[in-house]
Amino acid sequence: MIASRNASVLLTVSVLAGCGRVPLPSGGPAPLVAVAEASYPVRQDLLATTVPTGTPPHWPTPGYPPLRSLKLGARSMDVDFATQLRPALGRTILDPQTALNAAQRDNLGRALENFFGTSAAPGVRLPAYDATTALAFYDVNRRKGVFYNLEVVYGRVHDWNEAAETVRELNLTEPALARGSVLYRRWCMSCHGETGAGDGSHAIQIGAIPRDYRQGTFKFVSAFPQEEQPRKGVKGKPLKADLKRTIRHGLDGSMMPAFPQFSDTELDDLASYVIHLSIRGEVEYETMIRAIQLLTNPSDEDPDYTPEVMQQTMDLNTILVVGNWGRAGHSAIPIPPSECPTEELRMESAVRGYKAFSLRGCLGCHDNYGRTQQLKYDAWGTVVQPRNLMLGIYRGGRRGEDLYARIYGGIVPSTMPDYTPNLKLNPSIPGKTDEIWDIVHFLQTLPDPRGRRELADRLHREKRTNPGLNVIPFD
């Protein structure tokens with residue numbers, strides 16, 4: 001009995017320590033920990049590389065999001081989702097379980113652990129990178145030979161410095177992440193899952209899927225980088241303050257509760273850990289996609305897939321993903337004052353907001369002000385519905401500033417476009433309300449029956465002198 005129990009313990013320790021994994025090539029960061037402890041599992045679910053096309057047939061059955069139905073096929077509760085999405089499998093929806101063999105997945109897991117540690121000892125570690133090593137850095141996302149171009153080489157050095165500064169700015173230190181990990185496992189993991197996949201033990205029970213952090217994109221953000229040609233993955237990332245606000249106050253109209261009990265330090269540590277999970281998940285996601293592409297669609301312009309190429313891909317992805325969080329952190333959406341101190345000015349602004357809302361195509365998605373169901377796929381391959389604006393319930397917050405940020409920057413993973421092209425046509429004038437504030441005041445008026453009647457009366461009076469004005473009924 002004793003010998004059997006000891007053998008069992010030794011076997012368990014060996015498994016937790018990661019025995020049997022394929023050794024990585026030298027040159028990566030040193031392992032974060034040298035003790036036996038459980039590793040983050042390597043991703044096995046399907047990867048949506050683009051927003052799925054088509055209209056969802058209906059809301060999915062709780063516990064059966066569309067991509068899970070696709071993987072289950074005839075065993076799914078929603079076979080119609082599997083039928084609709086099956087043509088995309090192997091093209092824009094990838095399966096790492098079938099495209100990567102066990103050794104390749106294991107090798108990927110070891111590399112991820114070297115950069116990001118385990119749930120008990122998390123970290124965000126960058127690959128060694130300077131002007132000398134950059135000359136040998138194989139840029140797998142470009143054609144062969146380009147890595148000898150000095151502009152590219154020193155651009156990568158800039159990317160590394162940007163990423164290193166981001167680690168400091170966001171407090172992604174190992175002590176902060178270790179503290180945040182404890183809070184996450186205690187308060188968050190039951191819904192959001194061990195890796196931030198939104199697959200915790202309570203996720204099925206609550207119906208709506210909790211946020212999946214692993215693609216590095218979030219819905220309710222107040223950052224919008226203004227780059228002419230934004231780098232992949234830079235948009236849709238929140239400020240750290242956005243995450244802290246969501247944790248502190250929860251999300252209206254969802255199962256995400258508020259956590260007012262956390263101290264400011266605990267809140268910061270927990271937000272750091274969520275960022276850690278998101279960075280790790282996005283690096284895993286992008287590296288997996290590249291590996292599957294190299295293995296299933298080889299070309300003369302690409303290198304052969306090897307453990308070295310996988311490591312180089314992960315090196316590059318880690319630097320770029322971390323740097324994108326820094327770029328978002330320096331790109332807060334500029335929100336001017338509303339300049340409507342009285343109810344009369346606010347109602348005049350709401351009238352202008354109705355016209356802008358109609359003119360700019362917002363009704364195309366928010367048909368009948370969102371009361372008409374128009375199901376869509378989002379970037380995670382889940383089903384979403386444009387907001388019913390008559391309810392006045394906004395998960396990202398109902399303050400004017402919250403609505404302004406949603407309109408200005410859009411909601412990237414839900415395909416709601418940003419408003420900046422319209423601002424170029426109708427720029428803000430200092431000291432006067434701008435077009436976004438007009439729309440915000442219109443949206444804030446819609447849920448109030450008295451406000452709707454006043455708004456309708458004003459629009460119908462204006463229609464007498466402007467017959468071309470189209471007034472869509474509110475009630």
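Everything numeric in this text was worked out from a predicted model, so none of it was measured.
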Could you work out, with salt bridge (Lys or Arg N to Asp or Glu O under 4.0 Å) as the rule, every residue matching [X], not counting sequence neighbours?
| X | result |
| --- | --- |
| Lys376 | none |
| Lys424 | none |
| Arg245 | Asp402 |
| Lys235 | none |

State, without any angle test, whether [X] and [Y] hold a side-chain donor-acceptor pair at a distance under 3.5 Å.
| X | Y | result |
| --- | --- | --- |
| Ser414 | Asp378 | no |
| Glu282 | Trp325 | no |
| Asn171 | Ser272 | no |
| Gln311 | Asp315 | yes |
| Gln374 | His366 | no |
| Ser76 | Asp78 | no |

- [ ] Apply ring-ring contact (aromatic ring centres under 6.0 Å, His included) to Tyr273 and list each qualifying residue two or more places apart in sequence or on a separate chain.
- [x] Tyr184, His276
Task: Residue list, ring-ring contact (aromatic ring centres under 6.0 Å, His included) with Tyr64, at least two apart or on another chain - done: none
Task: Ring centroid separation Phe259 to His249 under 6.0 Å - done: no
TODO: Please check if the distance between the ring centroids of Phe474 and Tyr369 is under 6.0 Å.
DONE: yes
TODO: Please say whether the positively charged group of Arg352, taken as NZ for Lys or CZ for Arg, lies over the ring of Trp437, i.e. under 6.0 angstrom from the six-membered ring centre and within 45 degrees of the axis.
DONE: no
Is it true that [X] and [Y] make a salt bridge, defined as a side-chain N closer than 4.0 Å to a carboxylate O?
| X | Y | value |
| --- | --- | --- |
| Glu162 | Arg231 | yes |
| Arg214 | Asp199 | no |
| Lys244 | Asp242 | no |
| Glu169 | Lys240 | no |

What I'd like to find out is whether the side chain of [X] reaches to under 4.5 Å of the side chain of [Y], using heavy atoms alone.
| X | Y | answer |
| --- | --- | --- |
| Arg346 | Asp438 | no |
| Glu286 | Thr49 | no |
| Phe218 | Lys237 | no |

TODO: Please report the C-alpha distance between Asp45 and Lys71 in whole Å, then the side-chain angles of each, then the deciding distance to 0.1 Å, and finally whether the salt bridge (Lys or Arg N to Asp or Glu O under 4.0 Å) criterion is met.
DONE: CA-CA 8 Å; Asp45 56 317; Lys71 194 154 189 174; over 6 Å; no
TODO: For the pair Thr420 and Asp418, evaluate side-chain hydrogen bond (donor to acceptor under 3.5 Å, both in side chains) and give the outcome as yes or no after the intermediate values.
DONE: CA-CA 6 Å; Thr420 55; Asp418 64 90; 2.4 Å; yes
TODO: Please report the shortest heavy-atom distance between Pro122 and Ser181, naming the atom on each side.
DONE: CG-CB, 4.1 Å
Task: Separation between OG1 of Thr296 and CD of Gln293, rounded to the nearest 0.5 Å - done: 7.0 Å
- [ ] With salt bridge (Lys or Arg N to Asp or Glu O under 4.0 Å) as the test, would you mind laying out the steps for Glu194 and Arg185 before giving the verdict?
- [x] CA-CA 8 Å; Glu194 182 180 4; Arg185 282 179 281 170; over 6 Å; no
- [ ] Apply the test salt bridge (Lys or Arg N to Asp or Glu O under 4.0 Å) to residues Asp264 and Arg248: give CA-CA distance (whole Å), side-chain angles for both, the deciding distance (0.1 Å), then the verdict.
- [x] CA-CA 10 Å; Asp264 289 344; Arg248 176 72 82 199; 3.3 Å; yes
- [ ] Kindly assign one of parallel, tilted or perpendicular to the pair Tyr408 and Phe224, based on the angle between their ring planes and the thresholds 30° and 60°.
- [x] perpendicular
